[in-house]
*Asks:* 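Questions regarding the structure given below will be posed in turn.
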There are 2 protein chains.
Amino acid sequence: MAAVLVIEDDDRIRLSLALALEDEGYAVREAPTAEEGLIAQRREPADTVLVDLMLPGIDGFECIRELRRDGDVPIIAISARSDTHDIVAALEAGADDYVVKPVEVKELSARMRAVRRRTRTAASPVSALVFGELEIRPEAGEVLRHGEPVAVTRTEFRLLCELADHAGRVLSRQQLLERVWEYSIGDERLVDVHVGRLRQKIEDNPAAPRHLVTVRGLGYKLQR
Amino acid sequence: MAAVLVIEDDDRIRLSLALALEDEGYAVREAPTAEEGLIAQRREPADTVLVDLMLPGIDGFECIRELRRDGDVPIIAISARSDTHDIVAALEAGADDYVVKPVEVKELSARMRAVRRRTRTAASPVSALVFGELEIRPEAGEVLRHGEPVAVTRTEFRLLCELADHAGRVLSRQQLLERVWEYSIGDERLVDVHVGRLRQKIEDNPAAPRHLVTVRGLGYKLQR
DNA sequence: CGAAATCATGACGAATTCATGACAGGCCCG
DNA sequence: CGGGCCTGTCATGAATTCGTCATGATTTCG
């Protein structure tokens, strides 16, 4: 998952940006000042950095120059006004692009893609959740068992991911219905059916499951 | 030698720009209209394009969008007035930078270098993307299979690049529509059709694809 | 022990999801 | 202006998947 660092002092804007970007599928990190942003970026580089130009202390332009000195991470400046001077100065400082407040998330997202397309960050390998002989790769949409791909349907996959995201914890049928099916009401037996089908595919002995286990009276959980 | 394409309708300005740039060591091509500029650029791409915003027929903004659609050549807009609105619109259309008339050649030259440095450093780490017998060269705009060039259309190529950029990851039809077609809404079947056409060209057995695979219920992905 | 609650699972029709061929409009080129 | 390529839409059919139900097994608890 692509990580974004948002350096912006206005809490409301930073939070709303973070939420919107998370919806778009980014992992978001936040920093309210240039100093903290620079530290965060040095510690664990994000794939894209958004920098507000008006920051307390070290301002956005200087921040961009510093970031640029460290590496060539894509940088998008956020300008409070569509002021030519600011925009040019930001681009000259080393920003790759800019957006003007109020930020349209669709536009921002498009620009981030465009900028990243240009920089072509080396594709990081897809991450995997491992449960013994089971391997779940959410981004790849695939499940491996003993290293071999297992054919899983969409619903089963989502169910499995949901359980894997909360490894070791029990999820009630109600919770699963809400998160996987986006039902608020519905027949809880439905979950049973899909759990059963999933077991047929991922368990060595479906009748005595080792990973996808029933917690009687409560729900199901996935364990190692 | 770096080639520059100057798209500017005013003969005097175009000529004086051309002369000045030749003095700076550029190979200069000229076009008095957007239409001619686009054709010239498609036929033989320059390394940088200068576009006047006020053009007869297709205007500069639209011209920039078209250029941007074809590739990510560095584009510098030339604005008659230092009007914020024009400049912002030009940058939003996809220009990388802009200069205001009367054009200072020294400034222009500096901006061209800056813009090219940005795009080149960004683009250089790109090596060919290899997927088994498939080889995708985003820069060169070509696809090889068993070392032999494969004729793919622009849409197919962009689709393939988008998938290759996220090797191993599933991209939903929605994501592909947004990124390849720049639609926010649209018929998702469209993606299927192009995937099908692409398979005819790049897969040994299109009915049982090995690289461009369907992940039922989720989307498509490109794998090795 | 027996009844009630809880869970597993097979079957089946309905609905979804995909692949593919056909086709018309647009664009470019000769 | 005519032909060829590219693109997007549509329709069709095949294959898969989904949700429901019924039945039977298992566990809990009075």
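Each chain gets a letter, A, B and so on, in the order the sequences are listed, and its residues count up from 1. Hydrogens, waters and symmetry mates play no part in the numbers below; they use all other heavy atoms, side chains included.
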*Asks:* Quick one: on DNA chain C, does A/V195 or B/Q200 contact a more 5' nucleotide (nearest heavy atom)?
*Replies:* A/V195
*Asks:* Over all heavy atoms of both residues, which pair between B/A40 and B/L5 is shortest? Give the atoms and the distance, please.
*Replies:* CB-CD1, 4.5 Å
*Asks:* Examine C/dC7: is either OP1 or OP2 under 4.0 Å from a nitrogen or oxygen in the side chain of A/T214? Give yes or no.
*Replies:* no
*Asks:* Assess whether a salt bridge exists between B/E8 and B/R14, defined as any Lys/Arg side-chain N lying under 4.0 Å from an Asp/Glu carboxylate O.
*Replies:* no
*Asks:* Rounded to the nearest angstrom, tell me the gap between atom CZ in A/F157 and atom C1' in D/dT17.
*Replies:* 16 Å
*Asks:* Please pick, from C/dT20, D/dC6, C/dA8, the nucleotide with the shortest atom-to-atom distance to any side-chain atom of A/D192.
*Replies:* C/dA8
*Asks:* Whether B/T153 contacts D/dT7 is assessed here as follows: a side-chain N or O lying under 4.0 Å from the phosphate OP1 or OP2. Is that the case?
*Replies:* yes
*Asks:* For the side-chain hydrogen bond (donor to acceptor under 3.5 Å, both in side chains) test, which of B/R199, B/H211, B/R145, B/R210 pairs with B/D204?
*Replies:* B/R145
*Asks:* Where the side chain of B/R224 meets the backbone of B/V130, is there a donor-acceptor pair that is under 3.5 Å apart?
*Replies:* yes
*Asks:* Using a heavy-atom cut-off of under 4.0 Å over every strand shown, decide if A/V193 touches base, sugar-phosphate, or nothing.
*Replies:* base
*Asks:* Check whether A/Q200 reaches the backbone of A/R197 with its side chain - one donor and one acceptor, N or O, closer than 3.5 Å.
*Replies:* no
*Asks:* Taking the nucleotide of DNA chain D with the nearest heavy atom to each, does A/R189 or B/R197 sit closer to the 5' end?
*Replies:* B/R197
*Asks:* Without decimals, in angstroms, what is the distance between A/I185 CD1 and D/dG19 C1'?
*Replies:* 14 Å
*Asks:* To the nearest angstrom, how far is A/K201 atom NZ from C/dT9 atom C1'?
*Replies:* 15 Å
*Asks:* Could you check how far CG of B/L212 sits from P of C/dC18, rounded to whole Å?
*Replies:* 13 Å
*Asks:* Just compare D/dT9, D/dG19, D/dC6 and give me whichever is closest to any side-chain atom of B/L190.
*Replies:* D/dT9
*Asks:* If you measure from the Lys or Arg side-chain nitrogens to the Asp or Glu carboxylate oxygens, is any gap between A/R137 and A/E135 under 4.0 Å?
*Replies:* yes
*Asks:* Between B/L38 (CG) and C/dC28 (C1'), how many Å, whole number?
*Replies:* 14 Å
*Asks:* Roughly, in whole Å, what's the span from CD in B/E35 to P in C/dC29?
*Replies:* 14 Å
*Asks:* Looking at side-chain heavy atoms only, is the closest gap between B/V4 and B/V49 below 4.5 Å?
*Replies:* no
*Asks:* Determine: side-chain N/O of B/W181 to OP1/OP2 of D/dG8, distance under 4.0 Å, yes or no.
*Replies:* yes
*Asks:* Taking CD from A/E156 and P from D/dC18, how many angstroms apart are they, rounded to a whole number?
*Replies:* 6 Å
*Asks:* Map B/I39 and B/V215 onto DNA chain C by nearest heavy atom, then report which one ends up closer to the 5' terminus.
*Replies:* B/V215
*Asks:* Of the nucleotides C/dT17, D/dT20, C/dC28, which one has an atom closest to the side chain of A/R154?
*Replies:* C/dT17
*Asks:* Does any non-hydrogen side-chain atom of A/E30 lie less than 4.5 Å from one of A/L15?
*Replies:* yes
*Asks:* How close or far is atom C1' of D/dG8 from atom CG of B/L176, stated in whole angstroms?
*Replies:* 16 Å
*Asks:* Mind running a 4.0 Å heavy-atom check of residues 216-224 of chain B against DNA chain C and sending the residues that fall below it, in number order?
*Replies:* B/R216, B/G217, B/L218, B/Y220
*Asks:* Counting just side-chain N and O atoms, does B/R199 come under 4.0 Å of either OP1 or OP2 of C/dA19?
*Replies:* yes
